[in-house]
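Beneath this line is the structure, given in structure tokens, with notes to follow.
All heavy atoms count here, side chains included; hydrogens, waters and symmetry mates do not. Nothing fancy with the numbering, it's 1 onward along the sequence. Bear in mind the structure is a predicted one, so any value in this text is a computation, not a measurement. Both ligands and their constituent atoms are indexed starting at 1 by order of listing.
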Amino acid sequence: MDRLKGKVAIVTGGSQGIGRACAERMAQEGAAIALFDVADTAGQALAAKLANAGNQVRYWHVDVSDEGQVQKAIAAVVAQNGRLDVLVNNAGIAGASKPTHEITEAEWDRVQAINVKGVFFGLKHAIPAMRQAGGGSIINISSIYGIIGAPDVPPYHASKGALRAMTKTDALLYAADGIRVNSVHPGYIWTGMVEGVLRVQGDIAAARKAVDALHPLGHMGEPDDIAWAVVYLASDEAKFVTGAEFVIDGGYTAR
Ligand code: NAP
């Protein structure tokens with residue numbers, strides 16, 4: 001109930017899907033939450049719902065690929081709350097699913113701008129506040145696609161591999177400041193992103209069944225499967241955990 005009591009957390013892409021579950025579970029555990037997203041209607045509705053339930057939550061329109069917006073919103077969160085303890089870098093897009101030789105430069109750049117540069121901007125502007133607070137926890141939502149290959153979404157694979165490496169570098173750079181940096185690597189989780197990717201294949205029920213079968217546990221995960229790991233990594237229970245990669249994939253990568 002109070003695993004995150006007194007902590008201030010930012011969740012990017014917090015309006016929907018995995019980010020939404022992270023925000024809900026962290027709020028439930030006592031954290032004050034700042035939702036950063038571009039899905040304004042969903043984000044504002046979630047903030048209102050959580051606030052009505054007695055949680056301290058505020059929605060901010062932030063496109064993570066815009067450094068000015070990220071810098072301004074982080075500064076405002078710190079000014080309002082007096083500190084920043086947790087950053088969940090979750091916002092991300094799947095991008096184009098075509099073979100590498102068919103991808104345009106614009107398609108490549110768009111995925112990197114949100115999935116990689118967006119995380120860099122979050123790190124760059126959150127770390128000074130965390131150093132000032134004497135520590136913090138940064139959780140980068142990568143993917144199993146940042147660890148293994150699959151014959152689809154090449155720019156996405158590159159972006160999620162980058163997050164895995166960035167996580168380890170920053171874990172080392174900021175360990176002395178008490179800032180822990182870890183990556184989370186979900187298998188397929190049923191969200192709007194996955195639904196969008198599968199819808200392109202036509203028969204969504206058949207596509208979902210095929211993806212379910214890729215996971216030894218027999219099905220995709222749900223957003224809460226990731227959110228509970230994020231609560232743990234954000235909490236002081238994980239005080240000795242940094243530079244780690246937390247794979248949550250129903251056994252997908254165990255083969
Ligand atoms: P989702 O359901 O699409 O939710 C992502 C949220 O991020 C949406 O509200 C989206 O808004 C927002 N967003 C997109 N671009 C943004 C930007 N530039 N700035 C701020 N917010 C932005 O996705 P999800 O499935 O929950 O995925 C969340 C994270 O988990 C992603 O990093 C994804 O790569 C990772 N992941 C997901 C899975 C999976 O199977 N679902 C597996 C492994 C890793 P719009 O809807 O308006 O674009």
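For Val62, every heavy-atom contact with ligand 1 shorter than 4.0 Å involves the backbone, none the side chain. When non-hydrogen atoms are compared, ligand 1 lies under 4.0 Å from the side chain of Val194 (C-beta onward) but not from its backbone. Neither the backbone nor the side chain of Tyr145 has a heavy atom within less than 4.0 Å of ligand 1. If you look at Arg20 next to ligand 1, there are no close heavy atoms at all, none under 4.0 Å.
Nearest to atom 48 (O) of ligand 1 among the protein's heavy atoms is Val38 CG2, 4.5 Å. Ranking protein heavy atoms by distance to atom 45 (P) of ligand 1, first place goes to Gln16 NE2, 4.0 Å. Summary of contacts: the protein heavy atom closest to atom 25 (O) of ligand 1 is Thr191 OG1, 2.5 Å. Of all protein heavy atoms, the one lying nearest to atom 30 (O) of ligand 1 is Ile141 CG2, 3.4 Å. Closest to atom 27 (O) of ligand 1, if we only count protein heavy atoms, is Met193 CE, 3.9 Å.
More than 12 heavy atoms of other residues, nucleotides or ligands sit less than 6.0 Å from atom CD of Glu195.
Close approach to Gly187 involves these atoms of ligand 1, each under 4.0 Å from a residue heavy atom: 40 (O), 42 (C), 43 (C). Atoms of ligand 1 lying under 4.0 Å from at least one heavy atom of Ala39, given by number and element, are 9 (O), 11 (O), 47 (O). Taking every non-hydrogen atom of Tyr156 and a distance limit under 4.0 Å, the qualifying atoms of ligand 1 come out as 33 (C), 34 (O), 35 (C), 36 (N), 43 (C), 44 (C). Of all atoms in ligand 1, listed by their number and element, those nearer than 4.0 Å to a heavy atom of Gly192 are 2 (O). Within ligand 1, the atoms closer than 4.0 Å to a non-hydrogen atom of Ile114 are 18 (N), numbered from 1 in the order shown. Atoms of ligand 1 lying under 4.0 Å from at least one heavy atom of Pro186, given by number and element, are 42 (C), 43 (C), 44 (C).
Considering backbone and side-chain N/O of Tyr188, none are found under 3.5 Å from N/O of ligand 1. At a 3.5 angstrom cut-off on N or O pairs, Val64 counts as close to ligand 1. At under 3.5 Å, a nitrogen or oxygen of Asp63, whether backbone or side chain, sits near a nitrogen or oxygen of ligand 1. Where the criterion is an N or O separation shorter than 3.5 Å, residue side chain and backbone included, Ser65 fails it with respect to ligand 1. Looking at Ile144 next to ligand 1, no N or O pair under 3.5 Å apart turns up. In terms of N/O distances under 3.5 Å, ligand 1 is approached by Asp37.
With hydrogens and angles disregarded, no donor-acceptor distance shorter than 3.5 Å links the side chain of Asn115 to the backbone of Gln112. Remark: side-chain polar atoms of Asp85 are paired, donor with acceptor, to backbone N or O of Val8 under 3.5 angstrom. A donor-acceptor contact shorter than 3.5 Å is absent between the side chain of Asn81 and the backbone of Arg83.
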In sequence, state the C-alpha distance, the side-chain angles, and the governing distance for Lys98 and Glu107, and then conclude on side chain to side chain contact (heavy atoms under 4.5 Å, CB included). CA-CA 10 Å; Lys98 303 193 248 181; Glu107 287 168 339; 2.9 Å; yes
Candidate pair Asn182 and Phe246, rule side chain to side chain contact (heavy atoms under 4.5 Å, CB included), full reasoning: CA-CA 8 Å; Asn182 294 288; Phe246 205 145; over 6 Å; no
Test side chain to side chain contact (heavy atoms under 4.5 Å, CB included) applied to Ile147 and Val247, step by step: CA-CA 9 Å; Ile147 301 174; Val247 177; 3.7 Å; yes
Please determine whether side chain to side chain contact (heavy atoms under 4.5 Å, CB included) holds for the pair Val194 and Met220, giving the CA-CA distance in whole Å, both sets of side-chain angles, and the decisive distance to 0.1 Å. CA-CA 10 Å; Val194 168; Met220 287 186 219; 4.0 Å; yes
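Using a cut-off of 4.0 Å between Lys/Arg side-chain N and Asp/Glu carboxylate O, Lys49 and Glu24 are scored as salt-bridged. Under a 4.0 Å N-O distance rule, the pair Lys124/Glu67 qualifies as a salt bridge. Checked for salt-bridge contact, Glu245 and Arg164 meet the test: a charged N lies under 4.0 Å from a carboxylate O. Salt-bridge check for Arg180 with Asp236: failed, with every basic side-chain N at 4.0 Å or more from each acidic carboxylate O.
Relative to the ring axis of Trp108, Arg110 does not place its NZ or CZ within 45° and under 6.0 Å from the centre.
Considering each of Gly13, Gly92, Ser142, Gly17, the one bringing a non-hydrogen atom nearest atom 44 (C) of ligand 1 is Ser142. In this structure, of Ile226, Asn90, Ile93, the residue bringing a heavy atom nearest to atom 32 (O) of ligand 1 is Asn90.
Residues Val11 and Val77 are members of separate hydrophobic clusters, defined by side-chain heavy-atom contacts under 4.5 angstrom among Ile, Leu, Val, Met, Phe, Trp and Tyr.
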